[in-house]
Amino acid sequence: NIWLSSFNGMIYKFNLKTKKFEVLDDKLFGNDHNYLFNCLYRDTNLNAIWISTQRSGLFKYDLKTHKLGKYIIKAPGANILNSENILSIVRDPNTDVLYLGTDQHGLLVWDPYLYKFDFIDPIRSSSSQLGFRLPRKLEKDNFGNVWIGSVNTGLWRYNRKNDKLDVFTTTSHPHLLKSNSSIQLLHQNDTLWVGHNGSGITKLLLPNLKKLDQFRVKGKEKELDNINVIWNLLKDSKGRLWIGTRSSGTFIKEGSKLT
């Protein structure tokens with residue numbers, strides 16, 4: 001199945017075998033709910049779907065029992081998640097730790113065993129005081145890092161083991177990135193694909209961050225050019241890279257061929 005969320009408060013399941021859509025019963029969220037959903041994350045270990053909202057908390061839908069639970073994580077004197085706009089989610093399969101990208105407090109780390117979260121302050125980085133502005137995408141690599149894509153403050157890397165936060169920008173690493181907007185990320189093996197906001201795509205080799213490729217899907221390079229605003233990246237079972245753009249459809253990159 002493929003799960004889809006919509007900003008108007010609907011969640012859909014598309015069955016690849018039957019080619020049919022099903023709508024998740026909105027009564028699970030309560031009568032006359034007005035939740036706005038941002039993203040979904042499939043948790044294979046828990047056999048569940050994490051559902052993030054715009055300023056209404058975090059939900060977990062159990063695929064076996066079909067029950068829905070709401071997570072409200074409280075900080076001293078405040079209900080952080082209930083007022084947060086959770087833009088992205090990724091989970092560490094080795095530790096079960098959940099990382100949440102929010103537009104108010106940057107990166108939140110949720111430990112399900114300690115039942116608490118840690119706020120990762122961007123000031124921990126000596127390279128930038130800007131913080132992660134609108135962390136649109138999070139990706140966990142095979143080297144203990146979480147990569148954070150921002151709207152215009154560069155590409156960020158967080159290592160929880162040593163509690164280290166680094167930022168890579170066009171100023172600090174001009175050879176690496178074409179833009180400080182890294183709004184989409186895709187990790188596979190030792191490769192990180194970075195989708196920019198108008199400057200196409202950069203392919204990086206991990207863990208030493210060597211640039212392997214940089215290309216645009218169509219037209220001339222122009223910041224905020226809708227043609228090259230990358231909104232989604234996906235690798236299929238044949239190794240092809242699917243590229244979703246803001247206003248010029250979907251492209252497929254197979255080797256050096258782009259269609």
Side-chain angles (χ1 to χ4, degrees), residues 2 39-45 87-95 97-99 101 107 125 127 132 135-162 164-170 172-218 221 227-246 248-259:
I2 297 177
C39 70
L40 305 176
Y41 182 76
R42 171 69 189 275
D43 193 325
T44 55
N45 279 17
L87 300 172
S88 48
I89 302 173
V90 72
R91 180 177 168 278
D92 188 335
N94 299 314
T95 63
V97 167
L98 199 68
Y99 296 88
L107 187 65
S125 170
S127 305
F132 343 100
R136 288 284 304 274
K137 182 69 174 179
L138 303 178
E139 281 286 285
K140 176 73 172 58
D141 68 19
N142 297 332
F143 306 98
N145 303 304
V146 174
W147 293 90
I148 306 164
S150 71
V151 169
N152 60 13
T153 60
L155 177 65
W156 296 73
R157 179 180 64 190
Y158 174 67
N159 188 290
R160 189 166 183 251
K161 185 176 181 180
N162 56 29
K164 185 179 181 182
L165 184 64
D166 300 301
V167 60
F168 305 88
T169 68
T170 55
S172 64
H173 296 76
H175 64 287
L176 198 63
L177 300 171
K178 293 288 288 185
S179 169
N180 284 329
S181 293
S182 50
I183 58 176
Q184 279 298 323
L185 303 174
L186 174 65
H187 167 258
Q188 187 179 51
N189 300 324
D190 60 352
T191 302
L192 182 70
W193 301 83
V194 182
H196 300 294
N197 192 17
S199 300
I201 296 172
T202 300
K203 181 181 179 182
L204 303 175
L205 178 66
L206 302 179
N208 56 356
L209 279 185
K210 176 183 178 182
K211 183 167 70 174
L212 299 178
D213 194 8
Q214 205 285 324
F215 62 92
R216 300 182 299 276
V217 295
K218 187 179 180 181
E221 179 182 346
I227 294 176
N228 285 290
V229 173
I230 310 302
W231 270 23
N232 213 340
L233 296 170
L234 178 70
K235 269 290 191 78
D236 66 18
S237 59
K238 296 181 180 179
R240 298 175 298 185
L241 179 68
W242 291 72
I243 305 166
T245 66
R246 181 174 181 177
S248 55
T250 302
F251 295 80
I252 301 175
K253 183 174 176 59
E254 188 172 10
S256 59
K257 184 180 179 181
L258 184 66
T259 56

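- Rounded to the nearest 0.5 angstrom, T153 OG1 and F168 CZ are separated by 13.0 Å.
- Across all their heavy atoms, S172 and P174 have their closest contact at C-CD, 3.6 Å.
- For the pair N142 and L206, the minimum side-chain heavy-atom distance is 4.5 Å or more.
- Side chains of L233 and I201 form a contact here, defined as non-hydrogen atoms less than 4.5 Å apart.
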- request: For side chain to side chain contact (heavy atoms under 4.5 Å, CB included), just list the numbers for D141 and L192, CA-CA rounded to whole Å, side-chain angles, deciding distance to a tenth of an Å, and then say yes or no.
  value: CA-CA 8 Å; D141 68 19; L192 182 70; over 6 Å; no

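- Of all heavy-atom pairs spanning R136 and S88, the tightest one is O-CB, 3.5 Å.
- R157 and L209 make their closest contact through NH1-CD1, 4.2 Å (heavy atoms, listed as atom of the first residue, atom of the second, distance).
- Judged by a 6.0 Å distance limit and a 45° cone about the ring axis, K140 is not positioned over the six-membered ring of Y99.
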field: Intermediate values then yes/no, side chain to side chain donor-acceptor pair (under 3.5 Å), N152 and N180
entry: CA-CA 5 Å; N152 60 13; N180 284 329; over 6 Å; no

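- Counting only distance, with no hydrogens or angles, the side chain of S182 and the backbone of G154 share a donor-acceptor pair below 3.5 Å.
- Taking the salt bridge (charged side-chain N to carboxylate O under 4.0 Å, His left out) definition, one finds that D190 meets it with nothing, sequence neighbours left out.
- To the nearest 0.5 Å, the span separating OH on Y158 from CG on N145 amounts to 10.5 Å.
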Donor-acceptor list for residues 234-244 side chains, cut-off 3.5 Å, not counting sequence neighbours:
residue: K235; atom: NZ; partner: Q188; partner atom: OE1; Å: 2.9
residue: D236; atom: OD1; partner: K238; partner atom: N; Å: 2.9
residue: D236; atom: OD1; partner: G239; partner atom: N; Å: 3.1
residue: D236; atom: OD1; partner: R240; partner atom: N; Å: 2.9
residue: D236; atom: OD2; partner: R240; partner atom: NE; Å: 2.7
residue: D236; atom: OD2; partner: R240; partner atom: NH2; Å: 3.0
residue: D236; atom: OD2; partner: W242; partner atom: NE1; Å: 2.8

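- How far NZ of K137 is from CG of L87: 12.0 Å, rounded to the nearest 0.5 Å.
- N159 and K161 get closest at one heavy-atom pair: OD1-N, 3.0 Å.
- Two residues are said to be in side-chain contact when any heavy atoms from C-beta on lie closer than 4.5 Å; N45 and D43 meet this criterion.
- Side-chain atoms of L107 and L138, non-hydrogen and from C-beta on, do get closer than 4.5 Å to each other.
- S181 places no side-chain N or O within 3.5 Å of a backbone atom of I183 that could act as its donor or acceptor partner.
- Taking CG of L155 as the start and CG of D166 as the end, the distance is 10.5 Å to the nearest 0.5 Å.
- Here the side chain of D92 pairs a donor or acceptor atom with the backbone of N94 at under 3.5 angstrom.
- Inter-residue side-chain proximity for W147 and L204 is flagged as unmet; no heavy-atom pair is nearer than 4.5 Å.
- Annotation for T245 and V217: closest pair CG2-CG2, 4.1 Å, computed over non-hydrogen atoms.
- The closest side-chain heavy-atom distance from Q184 to N232 is below 4.5 Å.
- Contact record, P135 with I148: CB-CG2, 3.8 Å, taken as the closest heavy-atom pair.
- Among K211, H196, K178, the one residue that satisfies the side chain to side chain donor-acceptor pair (under 3.5 Å) test with T202 is H196.
- Within the 4.5 Å cutoff, the side chain of R91 has no heavy atoms near those of the I89 side chain.
- Side-chain contact between K253 and D213: present, with at least one pair of heavy atoms (C-beta onward) separated by less than 4.5 Å.
- Atom CG of L98 and atom OH of Y41 lie 7.5 Å apart (nearest 0.5 Å).
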